[in-house]
Amino acid sequence: MTLLLAILAPFLGAVLIAWNRRRGRLRFAVKAGIATLAALACLGPDIPGPFVGETLVWRLPWVPSLGLDLALRLDGLGLLFALMILGIGLLVILYARYYLSPQDDMGRFYASLLFFMGAMLGVVLAENVLLLLLFWELTSLSSFLLISFWQGRSDARTGARMALTVTGAGGLALLGGLLLLGHIAGSFELSVILTSGDAIRAHPWYLPTLVLILLGAFTKSAQFPFHFWLPNAMAAPTPVSAYLHSATMVKAGVFLLARLFPALSGTPEWSWLVGGAGLVTLLVGAFIALFQHDLKGLLAYSTISHLGLITLLFGIGTPLAAVAGVFHIINHATFKASLFMAAGIIDHETGTRDMRRINGLWRWMPYTGALAMVAAAAMAGVPLFNGFLSKEMFFAETVGAASLTRHGWALPAAVTLAGVFAVAYSLRFIHDVFFNGDPIDLPKTPHEPPHWMKVPVEVLVAVCLLVGVFPALTVEPILAVAAQGVLQGPVPPHDLALWHGFSPALWMSVIALIGGVLLYTGRKPLFALSSTWGGRWSARAVYDVALATLFALARWVTRALDSGSLRRMLALFTSFALVLGYGGFLVVPAGGAGGGGLTGPLRLFPAEPGDLAVALAGTLILLAAAFAAVVLHRRRLVAVILLGAVGLLVALAFVTLSAPDLALTQLSVEVVTVILLLLALYFMPQQDPVEPVRRWGWLRRARDLTLAGAAGLGVGGLAWGVLTRPFESMGPYFIANSVPKGGGANVVNVILVDFRGFDTLGEITVLALAALGVSAMLSGLHLYGPRYDAAGRPWEPDPHPAIMALLTRLLLPLALTVAVFVLLRGHNLPGGGFIAGLITAVALIMQYLANGVAWTRARLPGDLNPVIAAGLLLAAGTGLASVALGYPFLSSTFGHWHLPVLGDLELASAMAFDLGVYLVVVGATLVILVGLGLVCTLDDGEDRR
Amino acid sequence: MQDLLLSLLILVGALFTFIGSLGLVRLPDFYTRLHAPTKATTLGVGSLLVASALYFSTRGAGISLHEVLVTLFLFITAPVSAHLLARAALHLRLKSLAPVPGEEGEGADGGRG
Amino acid sequence: MLSFAIPIALGLVAAAGVLSAWRLVRGPSVPDRILALDTLYIDAIALLVLLGIHLDSALYFEAALLIALMGFVGTVALCKFLLRGDIIE
Amino acid sequence: MRRLFPHPLLSLAVTVVWLLLVNSTAPGQVLLGLALGWAIPLVTSPFWPGRTTIHSPLTLLRFLAVVAYDILTANIAVARLILTPGRPVRPAFVVMPLTLRTDLAISLLANTICLTPGTVSARLSPDQRELLIHALDVEDPQALVETIRRRYEAPLREVFEPC
Amino acid sequence: MEALISVVIGVLTALGVWLVLRERTFPVVLGLTVLSYAVNLFLFAMGRLALGQPPVIANGARGYADPLPQALVLTAIVIGFAMTAFVIVLALKARAELRDDRVDAEADGPGEPGEEQP
Amino acid sequence: MSHLPIAPVLVPLVAGAVMLFLPRQGLRRGLGVAAVLAQLALALALLAQVADGTTLVYALGNWPAPYGIVLVADRLAAWLLVTTALVALFALLYAVRGDDQAGPHFHPLFQWQLLGLNGAFLTGDLFNLFVFFEILLIASYALLLHGRRDPGRTRAGLHFVVINLLGSSLFLIAVGTLYGVLGTLNMADLAVKVAATPPESVGLVRAAGLLLFGVFALKAALLPLYLWLPAGYAQATAPVAALFAIMTKVGAYSILRVFVPIFGPGAGPLADLTGPWLLPLALGTLAVGSLGALAARGLRRQVAYLVVASVGSLLTGFGLGSAAGIAAGLYYLPHSTFAAAALFLLADLIAKGRGGLADRLDPGPVIPRAVTLGALFFVLAVVMAGLPPFSGFLGKVLTLKAALGHPLLPWVLGVVLLGGLCGLIALARSGSLLFYRAGPTNVPAPGPGLSALAPVAGLLMLILGLTLFAGPLTDLTSAMAGDLLAPAAQIRAVLGSEGQ
Ligand code: NA
Ligand code: NA
């Protein structure tokens with residue numbers, strides 16, 4: 001529980017600071033400090049545990065099905081990192097208070113810093129590796145905020161995005177790796193994973209698992225070739241660099257190597273991958289560092305190099321190398337943090353970080369200079385400073401490893417070379433800045449920084465010294481316990497002392513020191529050389545190209561697919577459906593059953609000669625009209641007329657094939673559709689304009705023809721296949737129950753208003769929605785109506801020919817009578833609310849057609865939306881009535897009453913439902929048609945002959 | 001006897017329906033073709049409707065006269081259709097065998113298509 | 001008797017439909033096509049009345065009635081379109 | 001009364017149409033027909049502004065009989081025309097000056113002309129004084145006008161425009 | 001009869017798809033209408049074909065066609081009608097606002113992908 | 001008897017109809033919010049009632065299945081109802097600030113959109129599903145076009161409508177064929193009948209099933225049928241786009257509902273019908289969606305493409321076919337819905353603060369309330385990219401974990417992880433452009449008020465809730481997956497239900 005609180009404390013601090021954004025740099029710093037101290041305090045009671053060999057594990061279930069729990073662990077390794085994170089964090093908080101200017105948004109800074117701190121704590125204290133990954137990604141995110149703190153600067157934005165991209169990508173790879181790891185180990189808990197090393201190494205997935213995890217570690221720890229983000233992250237404020245690139249962010253990678261050391265190490269793959277990456281990084285970083293002119297750039301590459309060193313140590317894989325690795329983690333954290341802070345002071349006081357301009361600062365700031373010298377000496381591996389100790393262990397380990405392979409001598413040689421460069425760049429950091437003549441037009445006159453800004457550096461330098469001189473008294477306990485955490489077992493004997501005799505390692509150190517001094521003295525020609533080739537073949541360039549390629553690829557793919565063309569979409573959809581349909585029918589999946597042929601066993605329905613003549617003629621007419629409509633579709637009015645004929649023939653097909661209700665519906669809908677098309681056609685070109693000939697037009701036509709043909713064949717074939725097969729229909733149920741239980745003889749109508757009344761309720765909702773949608777689209781729509789007809793003649797002057805006007809008025813009451821008839825009989829004979837509604841609507845539309853909108857509107861209710869709503873509510877209300885009586889929604893009832901004189905009277909609740917349908921149909925149809933007829937027409941004065 | 005009458009009515013009706021459509025094909029210009037469907041409407045469908053009324057009145061329960069309604073509808077609507085079609089043709093100045101008053105020698109066939 | 005007359009009548013009406021369709025497809029003028037469609041509607045009524053007798057069912061009557069009404073409306077709308085362009089004005 | 005029954009003739013027509021539709025004269029249906037005969041004219045009365053009176057029902061009936069006879073004979077004549085191969089038609093446009101004045105009467109006349117095969121009323125002049133008629137096969141246009149006047153226009157005037 | 005209806009369904013489908021793939025809104029609308037004829041006939045045919053057996057309960061009926069597909073087609077017709085009305089008006093709206101009745105902005109043009117029109 | 005299953009359909013139906021009587025916008029707003037709250041309460045009540053695994057079968061009209069239409073309310077349906085109601089609530093709260101007045105009839109259209117969604121989630125009948133699809137589609141057509149005159153939106157709307165009309169035709173063909181061969185429309189009955197398909201008809205049924213899959217793939221915006229989505233969603237008004245975040249889920253849901261119990265492992269000769277199709281297509285969708293997000297030049301379009309990518313993620317889970325995969329997808333479903341909705345709303349707030357630049361990804365002026373909006377954007381970007389610690393991360397990990405035994409594991413791992421990286425890069429770039437590379441402000445406009453931020457924050461709270469309560473919620477989704485894969489009990493419940 002206290003572990004959780006320790007992690008939560010920085011997060012809570014971040015939230016509080018972000019929430020309460022009152023001014024005052026100190027206020028924020030104090031709050032941040034308190035949050036850090038609180039975390040330390042929470043950790044305090046648990047600190048003794050690891051020292052007596054206990055591993056504290058605490059767990060709160062979170063997502064058990066995933067195997068992800070809030071499981072935390074405190075062992076030596078975690079404790080060491082937690083202390084570094086919090087301790088150095090505290091110093092950075094203090095330092096930043098003086099480093100940042102009053103113009104900077106301190107609240108945002110400290111909130112982000114605490115966010116980051118909490119994430120780091122989470123990484124090092126996680127017991128569950130998925131939880132570790134979660135915090136891991138949070139460090140990437142929070143570091144993005146920190147690096148981009150000066151968001152107005154383009155290098156800050158670029159650097160932050162680069163860091164996020166590289167470490168974020170690594171995090172995703174790590175996720176993959178950890179998933180595989182958890183799968184192999186059977187758990188995502190470290191306590192299980194760390195004890196399953198043998199099983200993991202023997203598993204066939206070992207290599208992919210290892211590679212994915214290493215991708216995560218290497219990106220985070222800036223290992224070659226993923227190192228380039230780190231120098232670019234130097235755009236961050238220096239306190240951020242001091243924190244992220246000494247003790248925390250980049251250390252997360254090597255932390256992971258240490259953490260999973262027992263589970264993954266000990267194989268040739270591990271040695272080659274980890275050791276190889278470490279060695280290359282060590283060399284490349286050290287080499288480039290020397291040639292940096294930016295103070296922080298030098299430190300950045302040196303950081304890369306030292307991370308390479310640590311990685312190499314873990315790669316060597318012996319327990320002692322691991323101890324050395326942990327030791328160097330501690331040492332690097334201290335001296336690098338202090339160096340960054342010193343660099344920050346210099347930057348702060350001189351206004352620049354360019355070492356070509358900064359010279360001879362010793363004159364103005366000897367105290368800072370002295371501190372920097374100590375830290376730089378530690379970095380160079382000079383005896384009496386902590387860096388020397390771990391570096392010597394490192395040299396010794398490389399010598400040990402060298403004996404294992406044939407060309408092993410190369411390893412000590414290479415690391416000695418790296419040592420040479422390390423000495424040289426450390427020397428440069430001191431000499432070039434504090435000596436080396438006079439400064440060259442510095443923006444500010446330098447002086448010593450405020451006292452409290454130096455305190456953090458003093459503390460860190462003191463640690464460097466103390467550890468360097470009295471290692472056994474100072475660092476040994478925590479190192480031992482941390483190493484125990486790494487190894488998950490006994491720590492090999494190691495002797496932390498200044499003097500180990502004239503070992504090869506000592507000679508290597510001597511060579512490095514002498515060589516470094518010599519190298520630095522002869523630096524001038526090397527610098528000249530580096531300026532000619534520098535930066536051309538950097539990994540950064542590769543990254544830039546890769547990212548540019550990714551964006552280009554994304555644009556290309558997106559452009560190629562999403563051309564914004566409906567025709568393409570439709571063709572794709574049709575093709576997809578064809579593949580599915582034909583594929584489903586023709587392709588028998590492996591191990592699946594055969595599909596059966598297309599033609600089924602059913603005997604076909606015989607036809608008498610008269611019926612056959614009618615059927616043949618009907619088919620002929622239908623196909624002729626449809627073909628003509630397609631061939632002549634550019635002449636739009638003709639196409640509409642021909643389509644009217646097709647609709648009529650379809651209706652005839654329905655009626656002859658025993659579906660009178662369908663025929664009635666089809667006929668009514670057909671006419672309304674024709675009217676709709678005509679209303680629209682008025683505002684459109686009467687003919688398809690002649691298209692310019694396109695080069696690939698024929699290809700497109702061929703494609704369309706193929707698709708259409710295949711679709712026709714497919715759907716026709718499907719129909720044939722089904723029609724020739726017997727099946728067990730649900731029809732008999734409806735036929736048997738229609739009269740006794742539904743109270744109606746017209747089974748189709750009883751299905752519509754009763755058996756499947758819910759469908760009908762939905763269907764009239766669709767109609768109502770169409771009306772609403774259409775009236776919404778029409779509101780404010782302005783269209784140009786042509787002044788001349790297609791042939792260029794002015795329109796006939798008389799809008800309402802008298803004969804038509806009069807006779808259609810005569811027709812209205814007759815049509816309404818028919819509508820009532822159709823509505824009332826629907827339950828027992830063909831008809832019903834829908835058809836009656838359409839008849840009514842058509843009869844009324846006739847009035848608009850023949851007598852004009854103004855004349856007709858004056859005689860009808862103005863707003864038809866309430867009619868639609870009333871219909872819907874009536875239909876739904878009928879259903880609700882049954883709910884009120886305790887039956888399911890839409891349960892119907894009916895009854896017969898015998899009345900004197902009048903005879904039998906049958907009433908069914910479904911009739912009320914049907915009346916609702918009727919109202920919706922009338923209302924919706926009129927809203928649509930009349931709305932379209934009322935479209936505000938503009939005369940653009942254009943003569944469209 | 002009744003069957004004979006029915007058959008006669010049916011055949012006459014079908015025949016006139018056919019002749020109406022035949023005229024539609026055979027007559028030379030739009031205005032003359034316009035006359036053809038009237039036969040189908042009046043005598044053709046008329047006879048068939050009478051046949052239907054006769055058939056159902058003698059077969060089912062009670063007399064069947066609702067066929068009259070179709071006739072009524074047709075007799076009101078068909079002339080209006082014909083009239084409007086003629087007007088439209090005049091508006092479009094369709095080619096006419098008979099000279100159209102007030103339209104000298106402008107035989108343009110603007111309604112084509 | 002009737003069983004002879006009805007197939008012949010059906011054939012005649014079917015032929016009438018085909019002839020009307022010929023004019024419908026052939027044109028040449030738009031009024032010609034509208035006229036042909038109107039005639040096709042009439043032929044359909046004739047067919048339905050015949051079928052009613054043929055199949056001994058009164059269920060075809062409403063379809064015939066509706067065709068009479070709807071065919072008319074369609075024709076009027078098409079003619080109005082030719083005359084005025086804007087059919088509801 | 002007038003508000004309740006705006007068009008008694010129409011009410012009667014609706015009732016009759018209803019009874020035809022339901023094909024029944026059961027008391028319930030008669031009652032329903034009467035109800036509709038009352039309601040529908042009431043609802044549609046705005047669409048029927050003027051009240052029409054038939055002044056001479058007998059003439060109307062005679063007129064209908066004449067039209068029916070003409071339809072029959074004209075049908076046969078036109079059928080012969082269509083069926084005779086090679087027989088040339090003699091179409092003509094004929095202008096007929098109108099003496100009728102009311103919309104209803106003119107419309108009925110135009111309808112009657114269209115109903116009888118062989119003639120189509122093609123255009124009504126904007127002042128409603130002239131009717132352009134297309135005839136399928138005429139020898140003497142003036143005779144045609146005279147026939148129409150005598151057989152259709154005169155009775156219609158008698159029925160609807162007696163003064 | 002089954003063969004005829006299958007052919008009709010197939011041909012109507014093909015014609016409908018062809019029209020839907022045209023360049024201008026009007027033929028596309030026509031194509032959707034033709035396609036809906038095909039689909040309605042198809043759905044109807046799924047109840048098998050029957051002559052003179054309307055599903056209206058009556059004495060002495062020879063049999064009854066499957067009423068369920070008929071009810072489904074009825075629903076489909078109504079929904080199709082609503083959709084047609086909507087798409088027709090939408091085509092008009094597109095014509096008014098885009099000053100063009102093409103379905104695509106600039107066919108084959110080098111237009112920016114995924115970018116909205118100004 | 002409990003009428004709870006029908007209530008989520010009736011409330012929006014009646015509310016929408018009543019609104020047509022209310023001329024005043026204020027009344028419509030009030031009724032709309034009340035109706036959505038009621039739907040939320042009903043959905044939660046339903047979820048509570050079926051959480052133990054019972055299936056409520058509601059026989060409409062008291063007709064027994066398979067003859068009548070039944071509503072089948074189980075955990076899965078309730079889960080989607082709750083998701084819908086929640087996203088609708090916040091979209092509506094955002095809309096009532098003024099977007100609802102940009103065109104007529106927003107509120108009834110909104111209610112009926114919900115009617116279509118709720119019905120589609122509840123129905124147990126394939127044709128009835130078609131009807132509800134049509135309701136939700138036509139409502140979405142109208143809502144998509146809602147807003148002030150915008151030619152681009154009209155074009156997008158036209159494309160959306162036409163492609164979906166073609167889809168509806170295909171739906172009918174597929175349903176028709178299934179009825180023509182198997183003689184039923186009820187889904188539970190279909191599950192029984194499909195398993196017993198006579199050998200000579202297997203090919204027809206397989207074709208019909210796959211055509212149905214094509215329809216659902218279109219609605220779900222699966223590759224290659226996703227092309228309608230980016231333009232449509234990017235052009236819609238913000239609250240509409242937010243609501244549309246649930247739309248693709250209808251397709252995904254239908255794929256589950258139909259292809260797991262009916263054509264799933266128990267389907268005999270037709271078992272695992274979509275098996276070879278779904279996973280590769282889902283991965284492809286994820287890939288093109290991620291690439292599209294990278295390529296986008298406007299924030300809303302980017303979000304739209306991220307919706308495509310999230311469809312890919314979701315269906316990757318479903319495509320794995322295992323209980324774990326389906327459960328992962330079902331957990332991811334509300335997450336992706338809320339995240340997309342919140343981002344659409346936020347994108348609108350950002351666009352409004354940038355004047356003529358709108359949501360174009362070009363450097364512009366500092367947005368009013370940039371810090372708040374920026375913070376929200378940062379968090380939502382993390383959410384949307386599936387980074388820790390939010391539900392998207394959990395969903396992704398659940399999916400990947402479910403993929404561990406699958407033969408396509410390398411592909412799943414590669415595409416999901418790289419897709420996540422693309423989303424991360426794309427959003428980082430957008431955030432950097434919108435918030436970091438901002439010049440001096442030229443519009444001293446007031447920033448969005450609390451009422452505008454609250455819906456975004458509310459959706460974020462939901463995501464937080466999904467994250468915190470991931471344990472019980474994933475237990476729930478696992479149970480749903482179990483129900484789907486072992487449908488026998490539910491089939492019995494449906495077909496054994498008492499009729500009148
Ligand atoms: Na210098
Ligand atoms: Na005539």
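All chains are named by letter (A, B, ...) in the order of the sequence lines, taking the proteins before the strands, and each is independently numbered beginning at 1.
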What closest approach, in Å, do [X] and [Y] show between heavy atoms, and which atom pair accounts for it?
X	Y	answer
B:Leu94	C:Pro31	CD1-CG, 3.7 Å
B:Ser52	C:Val49	CB-CG1, 3.7 Å
B:His91	C:Leu83	CB-CD2, 3.7 Å

Considering only heavy atoms and a distance below 4.5 Å, find which of [options] pairs most often with chain C.
options	value
B:Leu22, B:Leu11, B:Thr17, B:Leu85	B:Leu85
B:Ala82, B:Gly20, B:Ala89, B:Pro37	B:Pro37
B:Ala36, B:Gly13, B:Ala88	B:Ala88

request  = Sort C:Ser20 into side chain, backbone, both or neither according to what part of it lies under 4.5 angstrom from a heavy atom of chain B.
outcome  = both

Which portion of C:Ser3 sits near chain B, non-hydrogen atoms under 4.5 angstrom = neither

key: Selection from C:Leu12, C:Leu78, C:Thr39 maximising heavy-atom pairs under 4.5 Å formed with chain B   = C:Leu12

query = Which one, C:Ile8, C:Ile42, C:Asp38, leads in non-hydrogen pairs under 4.5 Å with chain B?
reply =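 Of C:Ile8, C:Ile42, C:Asp38, C:Ile42 has the most heavy-atom pairs under 4.5 Å with chain B.
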
key: Sub-4.5 Å side-chain heavy-atom contact between C:Val13 and B:Phe18   =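 No. Closest side-chain heavy atoms not under 4.5 Å.
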
request  = Evaluate the side-chain proximity of C:Lys80 to B:Leu84: yes if any heavy-atom separation is below 4.5 Å, no if none is.
outcome  = no

Point-to-point distance, once rounded to the nearest 0.5 Å, from CZ of B:Arg93 to OG of C:Ser29 = 15.5 Å

ask   = Quick one: OG1 on B:Thr77 to CE on C:Met70, what's the gap to the nearest 0.5 Å?
value = 12.0 Å

Derivation of the side chain to side chain contact (heavy atoms under 4.5 Å, CB included) call for C:Trp22 and B:Leu24 = CA-CA 9 Å; C:Trp22 187 84; B:Leu24 201 61; over 6 Å; no

request  = Output every pair passing ring-ring contact (aromatic ring centres under 6.0 Å, His included) with a member in residues 52-80 of chain C, not counting sequence neighbours, ordered by first then second residue.
outcome  =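 Checked against ring-ring contact (aromatic ring centres under 6.0 Å, His included) - neighbours excluded - the pairs reaching residues 52-80 of chain C are B:His66-C:Phe61.
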
request  = Assess the side chains of C:Asp43 and B:Ser21: does a donor N or O sit below 3.5 Å from an acceptor N or O?
outcome  =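 Yes, a side-chain donor-acceptor pair sits under 3.5 Å.
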
Does any backbone or side-chain atom of [X] lie under 4.5 Å from a heavy atom of chain C? Answer side chain, backbone, both or neither.
X	result
B:Val45	side chain
B:Ala51	both
B:Leu34	both
B:Phe73	side chain

query = Run the side chain to side chain contact (heavy atoms under 4.5 Å, CB included) check on B:Leu74 and C:Ile45 step by step: do they pass?
reply = CA-CA 10 Å; B:Leu74 283 178; C:Ile45 296 173; 4.0 Å; yes

task = For B:Ile10 and C:Leu2, run side chain to side chain contact (heavy atoms under 4.5 Å, CB included): C-alpha distance rounded to whole Å, both residues' side-chain angles, the deciding distance at 0.1 Å, then the answer.
result = CA-CA 9 Å; B:Ile10 286 172; C:Leu2 208 53; 3.7 Å; yes

